[in-house]
Amino acid sequence: MEHLELVVFGLLAGTAALAVLANLVGVPYPITLVLGGVAIGLMPGMPSVELDPDIVLLIFLPPLLYGAAFFTSLRDLRANARPIALLSIGVVFVTMFAVAAVAHAVIGLGWAESFVLGAIVSPTDAVAPAEIMRRLGAPRRLLTVVEGENLTNDWTALALYSVAVAAVVTGTFSLGEASVRFVLSGLGGLAVGLAAGVLIRFVRSRIDDPPTEITISLLSGYAAYLPAEALGFSGVIAAVTTGVYMGWHAPQLTTAIMRLQGVSVWEILTFLLNAVLFLLVGLQLPGVLDAVDGYSATQLLGWGALVSAVVVGVRLAWQFTVPYLVRALDRRPSQLARRGSAGERLVIGWAGMRGAVSLAAALAVPLTTDAGSGFPYRDLIILLALAVILVTLVGQGLTLGPLIDRLGIRDDGEEQREEVLARLSLSEAAIERLEEVGGEDWAREDTIERVRGLYDYRRRRFGAQTDGDGSAGYEERTGAYMRLMYELFDAQRERLLELRNRREISDEVRRKVERDLDLEESRLAP
């Protein structure tokens, strides 16, 4: 490819520009990225990119799955296991079969190729719906269900995807063998993921070096995914299991500096991986369109709209049928208290956007079969998958927020109450430890009194919030104190730059002192 360095620079600059645009217009960045990727791909003179299907899933999936699982609450996953399982298994199966039936009957794809398409568009996106719901303050239970589904439905979809692709490539299929393989792949992936998590935990417990720990963290998804795939198990389940396991045990393994640096690294990595995926699809679009020039534009648009309608319609139909059947069968009081309203079910149904995993799976469709012939309808499958992603990610992504506003679905405040209780309990624990160390030789009385005053104020402040009495005065005083401290931090940074500019200190000293200021400021709230 000529001028490769310019192309790479242009893609990175385009990614940054599209992310800025997303913030300006107030939409999740996957929406602007997918639209921008298509626009870039259709620009005259843009190179056509061909990716090796064997490495697409390998490069993108392990870190994306591990990172999402790491930051997921295990407690909330357990509490909402049933609705998550119904969506991540039941909806995926039904969606795949419905799309396959339509693709075979209307579009004319073979049954095996139809199931490949159905498996590709069955998993939901892990970024856009959660970002929208979190920004609008949706109830935590709905957010947990959507995030939990996004984590686990990848296993179901990709296991079915591998079976369907194998049927096309080899020309053979056995329902019994596929069923056994599906179950064993999940159980095997779970076992490999736990084993990898235990090993990684053992290694990291003996390391106290943030760069090394972050490197291990970045490789953890691969450490679970690769062995599982080599053994014929689900690499998706393995990576997710390791991520959840490490997320649970990480607080005992990491330091404050490691957490500050690690979270920043993962945020950047997740963004870049998603951005590259969407842009790569845009660059492949011209080649895909050239390969399907045997179909008219009307046919392609109609088929894309039809498959998208099936994907959206199946999910909504599921949300307003299966929950009622479950209600009729399970009348336990504990389940009655957890049942959501029709509006909440509609929000979850409308949050079924397709994104990164569907993109990666579409790009990973093999180029040829074992017989040496081209993979049937490969380019049409990729194009239809892209159509579904565009319709659901852009259409549903832009309307999910107004839908939540219209239905008036808001957070019940449980997370905020838990946060206040946690901060109150931590203040009490600090005061108790102060009393314990008060008699030690190294503990100066004036220092203890100063620190006791700080934590006693926090205890009274958060205690007032839990009691609902007099918290406004504490919050006003706290706001004034924080404003004063921010003024002092700004003054110190200005003086630090003056010293650097007058060449009284080096940049190395400036960075060291500046980092201390940043850490001190990060500890300021609340």
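Reckoned from all heavy atoms, side chains included, excluding hydrogens, waters and symmetry mates.
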- Query: With sequence neighbours left out, what residues match R204 under salt bridge (charged side-chain N to carboxylate O under 4.0 Å, His left out)?
  - Reply: E213
- Query: Under the side chain to side chain contact (heavy atoms under 4.5 Å, CB included) criterion, do N153 and I84 qualify, and how do the steps go?
  - Reply: CA-CA 9 Å; N153 67 8; I84 291 173; over 6 Å; no
- Message: If you compare all heavy atoms of P323 against all heavy atoms of W318, which two are closest, and at what distance to 0.1 Å?
- Response: CD-O, 3.1 Å
- Message: So does L18 get a backbone contact from the side chain of T32, meaning a donor-acceptor N/O pair under 3.5 Å?
- Response: yes
- Task: Tell me, with the steps shown, if T124 and R315 meet side chain to side chain contact (heavy atoms under 4.5 Å, CB included).
- Result: CA-CA 11 Å; T124 52; R315 185 178 179 88; 3.7 Å; yes
- Message: Tell me whether E149 contacts the main-chain N or O of S88 through its side chain, where contact means a donor paired with an acceptor under 3.5 Å.
- Response: no
- Query: For W248, does the CH2 atom sit with more than 12 other heavy atoms under 6.0 Å from it, leaving out its own atoms?
  - Reply: no
- Least distance between heavy atoms, P251 atom then R259 atom: O-NH1, 4.1 Å
- Can you check whether V388's main-chain N or O pairs, donor with acceptor, with R354's side chain at less than 3.5 Å? no
- Note on the structure: Between M258 and the options D209, V263, L253, I214, the side-chain contact (heavy atoms from CB on, under 4.5 Å) test singles out I214
- Taking every non-hydrogen atom, the tightest pair across V92 and S122: CG1-OG, 3.5 Å
- Query: Is the backbone of G189 close enough, under 3.5 Å, to the side chain of S234 for a donor and an acceptor to pair up by distance?
  - Reply: no
- Message: Could you report the tightest heavy-atom contact between M353 and T392, atom names first, then the distance?
- Response: CG-O, 3.5 Å
- Message: In the structure I gave you, are the side-chain heavy atoms of F115 and F97 within less than 4.5 Å of one another anywhere?
- Response: yes
- Message: Looking at F375, is its backbone amide N or carbonyl O close enough to the side chain of T369 to form a donor-acceptor pair, meaning the two atoms are under 3.5 Å apart?
- Response: no
- A224 to T242 - nearest heavy-atom pair and separation: CB-OG1, 3.1 Å
- Task: Using a 4.5 Å cut-off on heavy atoms from C-beta on, say whether the side chain of V116 contacts that of Y377.
- Result: no
- Give a yes-or-no answer on whether the side chains of D370 and T170 include a donor-acceptor pair shorter than 3.5 Å. no
- Aromatic ring proximity Y66/W266, centre distance under 6.0 Å: yes
- Nearest heavy-atom contact between A387 and S308 is O-OG, 3.8 Å
- Sequence neighbours excluded, every pair satisfying ring pair (Phe, Tyr, Trp, His ring centres under 6.0 Å) that has a member inside residues 197-247: Y245-H249
